[in-house]
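This is the structure I want to talk about, given as structure tokens.
We count ligands from 1, going down the list as the structure has it; atoms in each ligand are counted the same way.
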Amino acid sequence: MLRKLFIETVGCQMNVLDSELVVGSLRRLGYQIVDDPRQADLILYNTCSVRQHAEDKIYSALGTLRRHKQRRPETIIGVIGCMAQKDQELIRRRAPHVDLICGPGQLARIPELLAEIERSGSPQIAVSLGRAEASRHEVEDSFESYDPLREPSMRPNTFQAYVRTQFGCDKFCTYCIVPSVRGPEQCRHPHQILAEVRQLADQGCKEVTLVGQTVNSYRFEYGDGRVSRLSDLLYLLHDVPGIHRIKFVTNFPRDMTDDLLDAVAGLPKVSRYLHVPAQSGCNEVLKRMKRLYTVEFYRDMLERCRERVLGVAISSDFIVGFCGETDASFQRTCDLVAEAGFKNSFIFKYSPRPGTKADELYPDDVPEDVKRRRNNDLLAIQNRVSLREHRSWIGRTVEVLVEGPSKKFDIQSEGEGLPQLTGRTDTDHIVVLDGPLSWTGRFLQVRVVDASAFTLFGEVCEADSDSVSPCVGETEGKVRSNRIPLPLV
Ligand code: 5AD
Ligand code: SF4
């Protein structure tokens, strides 16, 4: 029977990937995606708990569906992902019309839970064990890995895909809810990851982005004591024919080891792009955040990245207004951003998360207007740095994977000149250029002619290569520099 599914996803790449996999499993049950929740038989929200704002948006969406559920009680409404794991009771109280609550470690059970709701008419809740509720092993087991077969039609496009390297996080930064809601860090077997990437390549995927909360902490121990790290994984995946670009996010500064940087430098398919959140430029704040490094360590790490990976682009995350952040500590963060030369930074106002150490130990003592001002001030500094960094690309030729029409492109205006396309370089810079929609999914050589703080503007140099630019084709399988030997895998 044909049924209609509406799904909204908020949060990180991990959620985007989870939604893709959930949609894949539901498509196999005969569900078809619709854009309007009111047309749907099943409405799912894949949720994020990192900041209060993300949760508020979901409660507000659920609130607007209350009347709809009264009128059409057969509609199934589900909350899945991090909020479901963290607040199952609260969701039941605040939105009693919700039928399905399913944490990120239980997503494989969704088809079975839906069948049970239809059979019994009663709500179903499936969450994993809390980290303090049982032994590490038991908690790990309760977060089931979810790796169904990939289906290209589930992704926004067929030529790019996320691939999970690990679940969960073990860092326990004091402000962060992720280790509680996504559970202990569990790394997937390298061969399982390889098989998935091969399958994606067979389906026409050209770029994979490896995702993990701290992807560079990846460590898989084989039964015989051998260990694979992220660098080993990169060498392994580099040989997959059809894959032309490999990215990985997000990195933890302490785990940015030389072997990883050498792999990035040596493997031409690996993007010279590192997202390494600093969070603060002040040692006292970093200590209260339990980030396990000092700002001096972070600056040295940046230097090491740039020394070992020539031309690398680095981006960061910052939290402003964390507990006890004074004007002086904020100034240190401003100094770091002014000097570090980040390509871009994501800046967030601290949002206390019940259940985290910071919420338990420290008062949320920076007023909201101060947080807002610091956010704006830091953004203004980063924008100046980004503009300078972006302008340094003018006149250079870069390789761009065209992702599709830019947001500005209006389908109505097709036929009135070339549409505006958007794509990304090897260093993750966004490039806007004019060209036909048929260039989507192709690697092109593009000359940068202008730049803003957010975007490079380019003109294509050659567009007659098939799907891969000569630049990638020529270097396929070779190392970028002969300094680094390829390990035997
Ligand atoms: N408040 C604000 N920002 C947060 N982040 C994580 N937890 C919080 C919080 N409680 C930010 C960090 C992280 C990014 C994904 O979200 O900067 O790197
Ligand atoms: Fe959260 Fe820290 Fe883990 Fe990142 S490393 S997910 S900020 S606990």
Notebook entry, point to check: Closer than 2.8 Å to atom 2 (Fe) of ligand 2, which protein N, O or S atoms?
Noted result: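 Listed by chain and number, the atoms are C173 SG.
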Notebook entry, point to check: With a 6.0 Å cut-off on ring centres, are F220 and Y218 close enough?
Noted result: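 Distance test on ring centres: not under 6.0 Å, no.
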Check: Ion pair present between R304 and E307, side-chain N to carboxylate O less than 4.0 angstrom?
Finding: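 So R304 does not pair with E307 through a salt bridge.
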Notebook entry, point to check: Ignoring hydrogens and geometry, is there a side-chain-to-backbone donor-acceptor pair from H97 to L65 under 3.5 Å?
Noted result: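 Looks like no, no N/O pair under 3.5 Å.
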Notebook entry, point to check: Could you walk me through whether T158 and Q203 pass the side chain to side chain donor-acceptor pair (under 3.5 Å) check?
Noted result: CA-CA 7 Å; T158 50; Q203 294 168 347; over 6 Å; no
Margin query: Can you list everything that forms a side-chain hydrogen bond (donor to acceptor under 3.5 Å, both in side chains) with Y162? Sequence neighbours excluded, please.
Written below: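 With sequence neighbours excluded, Y162 shows a side-chain hydrogen bond (donor to acceptor under 3.5 Å, both in side chains) to no residue whatsoever.
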Item checked: Residue pairs, two or more places apart or on separate chains, that pass ring-ring contact (aromatic ring centres under 6.0 Å, His included) and touch residues 251-283 ->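 Of all non-adjacent pairs touching residues 251-283, those that pass ring-ring contact (aromatic ring centres under 6.0 Å, His included) are H275-F346.
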Note to self: Show me, by chain and number, every protein residue that has a heavy-atom distance under 4.0 Å to ligand 1.
What the structure shows: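 The 4.0 Å shell around ligand 1 contains V50, R51, Y175, Q279, D317, I319, F348, K349, Y350, S351, R353.
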Notebook entry, point to check: Using the ring of each side chain (for Trp, its six-membered ring), is H429 parallel, tilted or perpendicular to W393, with breaks at 30° and 60°?
Noted result: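 Tilted.
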Next item on the list: Decide yes or no for L107 and C102: does some side-chain heavy atom of the first lie under 4.5 Å from some side-chain heavy atom of the second?
Entry: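 A side-chain contact exists here, since the closest heavy-atom pair is under 4.5 Å.
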Checklist line | Cation-pi, F348 ring and R51 (6.0 angstrom, 45 degrees) | finding: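 Relative to the ring axis of F348, which defines the angle, R51 lies inside both limits.
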